[in-house]
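All chains are named by letter (A, B, ...) in the order of the sequence lines, taking the proteins before the strands, and each is independently numbered beginning at 1.
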Number of protein chains: 2
Amino acid sequence: MAVTYRDIKADILGKITRGEWKPGSLIPGELELAETYGSARATVNRAMRELAEDGIIERKRKSGSRVRLSPLRQARFDIPIVRREIEERGAAYRYALVESEVVRAPDWVRARMGLSPGETVRHLVCLHFADGTPYQHEDRWINLAVLPQARDADFRSEGPNEWLVAHIPFSEAEISISATVADATLAAHLACAAGDPLLQIERSTRWHGRAVTYVRLVHHRGHRMTARY
Amino acid sequence: MAVTYRDIKADILGKITRGEWKPGSLIPGELELAETYGSARATVNRAMRELAEDGIIERKRKSGSRVRLSPLRQARFDIPIVRREIEERGAAYRYALVESEVVRAPDWVRARMGLSPGETVRHLVCLHFADGTPYQHEDRWINLAVLPQARDADFRSEGPNEWLVAHIPFSEAEISISATVADATLAAHLACAAGDPLLQIERSTRWHGRAVTYVRLVHHRGHRMTARY
DNA sequence: CCCGGTCTTTTGTCCGGACTTGAAGGCCGT
DNA sequence: ACGGCCTTCAAGTCCGGACAAAAGACCGGG
């Protein structure tokens, strides 16, 4: 059988983890590797390219490839739709709309979304339950200038997240994770004590450069996001 | 000039974001696309493969490629070494060792790291400062069965993170993010009030299947991790 | 009707060759 | 010493062709 690019990738990775090729050292050129593995240069290239994407090595034209000094540690977190996240844990999902209004955007929302003064937004507060216990509190603002259909949409049975992905196929987003503290209303909604530390995710989404929605997701007490790499 | 795989990728992505190819719909086969773009199938393949990696489309042999129903939202967070993180913000980095001991692993550490009873670990408590203000509190446990050199290493001037990457080139890790609350000692170290919510990262690292280190990083009040996608 | 085997389609991978691009290093004139 | 130009080299990309592998589709036997 021929050598696959996976074989080559695994072999090179092995040499690195076993310490044969130390951090900072130069790796043989693609041509040389292709010869030693008895494969085409394109195959070696694919292996090396993936190693570079994985943050294991660093590549530069002319200078060649070298093992990274400090392995670039990067973790990939999936940010699934809540319903999916809950169902994948084998729990029953339930959704509830707590509050809904159409208002002029308050200043702090305007600032975050980059709206002009006086623009109106649809403001929603929702709760997501897993097996009956509160899982996530959602505080969402939708820009009606971009999505006027959101003014009359009925969010009582369908969550805004689901509605949005059906109306905006794809978008850019900025997401940020922080810790916050439960105030009285959050505590009531999430069935925890006021003062409890809670994990909070904020996401602002834009479509063709225009702010579509800003959402603040506060998770139940003890929630953790996990990733492997 | 020839069409590059980037051109093709951008063009297809455009068709999707503009709604020409709706979520769930089938995308033309590679052969057909190669013809319309006037390029080789390998080039189209590269473009499609990357779109699949980015979570935009889904590919299956025989059935073809289709636009994802709900675009897989995944965010990549860089987990840099603290020193680098601080210096990249343009702040001055300072490190301090607070506590250091060699002990038998307490039960909760044993459980997390999967150690046998009676195994010894090096336990370190460190602080990382940015421009003089506390930035991160580090509570680290190193398995001396795997890294006996850690018993006598001097962590007074060099942080354990730096020491570790120099001694274990690469490793697998599980990382998990959660919110915690400042107790008295954390509050004192991080210059915040007891009861403040703090962002906490836990990471366990293994090398060739054996637990190397477990670390709990608690960030200063108000810290946030941000990513774009 | 169900079950397994075979066909066919589509993506996945590889090859060997070619040209392009970016950056390092040297050369030269000031 | 100091620019700016030119060479050179390694990675980056592309081509056209080929075979491999997965997974629907189809079909015949029980």
Side-chain angles (χ1 to χ4, degrees), chain A residues 1-16 20-69 71-72 74 76, chain B residues 1-16 20-69 71-72 74 76:
Chain A
M1 255 313 289
V3 242
T4 74
Y5 77 94
R6 284 168 200 279
D7 295 335
I8 298 178
K9 188 179 172 184
D11 189 68
I12 294 178
L13 190 55
K15 283 196 204 303
I16 294 175
E20 281 179 51
W21 290 348
K22 296 200 197 319
S25 70
L26 198 65
I27 293 176
E30 294 190 349
L31 215 62
E32 189 179 334
L33 286 173
E35 209 168 320
T36 71
Y37 287 115
S39 69
R41 190 172 77 92
T43 309
V44 173
N45 182 278
R46 170 102 189 249
M48 299 283 276
R49 176 157 38 86
E50 291 202 355
L51 285 170
E53 277 170 9
D54 295 347
I56 312 291
I57 66 174
E58 232 171 349
R59 321 195 70 194
K60 254 197 298 198
R61 294 180 216 234
K62 166 76 177 176
S63 1
S65 311
R66 44 186 69 245
V67 183
R68 277 198 117 91
L69 289 313
L72 179 62
Q74 51 189 0
R76 230 181 156 102
Chain B
M1 254 311 292
V3 229
T4 74
Y5 78 94
R6 284 167 200 278
D7 295 335
I8 299 178
K9 188 178 172 186
D11 189 68
I12 294 178
L13 190 56
K15 283 195 204 305
I16 293 174
E20 281 179 52
W21 291 347
K22 293 198 201 316
S25 69
L26 198 65
I27 293 176
E30 294 189 351
L31 215 61
E32 190 179 334
L33 286 174
E35 211 168 315
T36 72
Y37 287 114
S39 69
R41 191 172 76 88
T43 309
V44 174
N45 182 280
R46 170 100 189 250
M48 300 283 277
R49 176 158 37 87
E50 291 202 355
L51 284 170
E53 277 170 9
D54 295 348
I56 313 291
I57 66 175
E58 233 169 349
R59 322 195 69 195
K60 251 196 301 202
R61 286 161 152 141
K62 166 75 180 174
S63 356
S65 311
R66 44 185 71 246
V67 184
R68 277 199 119 91
L69 289 316
L72 180 62
Q74 52 189 357
R76 225 174 156 114

Exercise. Identify, between V44(B) and G29(A), the residue whose nearest nucleotide on DNA chain D lies closer to the 5' end.
Key: G29(A)
Practice problem: Could you tell me whether the side chain of R41(A) has a donor or acceptor atom within less than 3.5 Å of a complementary atom in the base of dG12(D)? | Solution: yes
Quiz item: Is there a side-chain polar atom (N or O) of S65(B) under 4.0 Å from OP1 or OP2 of dT10(C)?
Solution: no
Quiz item: Any side-chain N or O of T4(A) under 4.0 Å from OP1/OP2 of dC14(C)?
Solution: yes
Practice problem: Calculate the interatomic distance between I57(B) atom CD1 and dT10(C) atom P; express it in whole Å. | Solution: 15 Å
Exercise. Ignoring the backbone of Y5(B), work out which of dC15(C), dG24(D), dT13(D) is nearest its side chain.
Key: dT13(D)
Quiz item: In terms of side-chain geometry, is the basic nitrogen of R66(B) or E58(B) positioned less than 4.0 Å from the acidic oxygen of its partner?
Solution: no
Quiz item: Starting at CZ of R49(B) and ending at P of dT13(C), how long is that distance when rounded to a whole Å?
Solution: 7 Å
Practice problem: Please report, rounded to the nearest Å, how far the C1' atom of dC14(C) is from the NZ atom of K9(A). | Solution: 17 Å
Quiz item: Looking at the side chain of K62(A), which of dA25(D), dG12(C), dT8(D) is the nearest nucleotide?
Solution: dT8(D)
Quiz prompt | Below 4.0 Å: OP1/OP2 of dG12(C) and any side-chain N or O of N45(B) | solution = yes
Exercise. Using atom CD of E35(A) as one end and atom P of dC15(C) as the other, report the distance to the nearest whole Å.
Key: 14 Å
Quiz item: Is any side-chain N or O of T43(B) closer than 4.0 Å to OP1 or OP2 of dC15(D)?
Solution: yes
Self-check item: N-O pairing of R49(B) and E30(B) below 4.0 Å
Solution: no
Quiz item: Should we say atom CD of E20(A) is surrounded by more than 12 heavy atoms from elsewhere, each under 6.0 Å from it?
Solution: yes
Quiz prompt | Donor-acceptor under 3.5 Å (S39(B) side chain, Y37(B) main chain) | solution = no
Quiz item: Can you check the E50(B) CD to dT11(C) C1' distance for me, whole Å?
Solution: 16 Å
Quiz item: Any N or O donor-acceptor pair linking the side chain of R61(B) to the base of dT8(C) at under 3.5 Å?
Solution: no
Self-check item: More than 12 heavy atoms from other groups under 6.0 Å of CD on E35(A)
Solution: no
Quiz item: So does R59(B) reach the base of dT11(C) with its side chain, donor to acceptor, closer than 3.5 Å?
Solution: no
Quiz item: How long is the line joining CG of L26(A) and C1' of dA11(D), in whole Å?
Solution: 12 Å
Self-check item: Between P of dG24(D) and CZ of R66(B), the distance in whole Å
Solution: 11 Å
Quiz item: To the nearest Å, how far apart are L31(B) CG and dG16(D) P?
Solution: 12 Å
Quiz prompt | side-chain N/O K60(A) vs dA24(C) OP1/OP2, d < 4.0 Å | solution = yes
Quiz item: Has R46(B) got a side-chain N or O lying under 4.0 Å from the OP1 or OP2 atom of dT13(D)?
Solution: yes
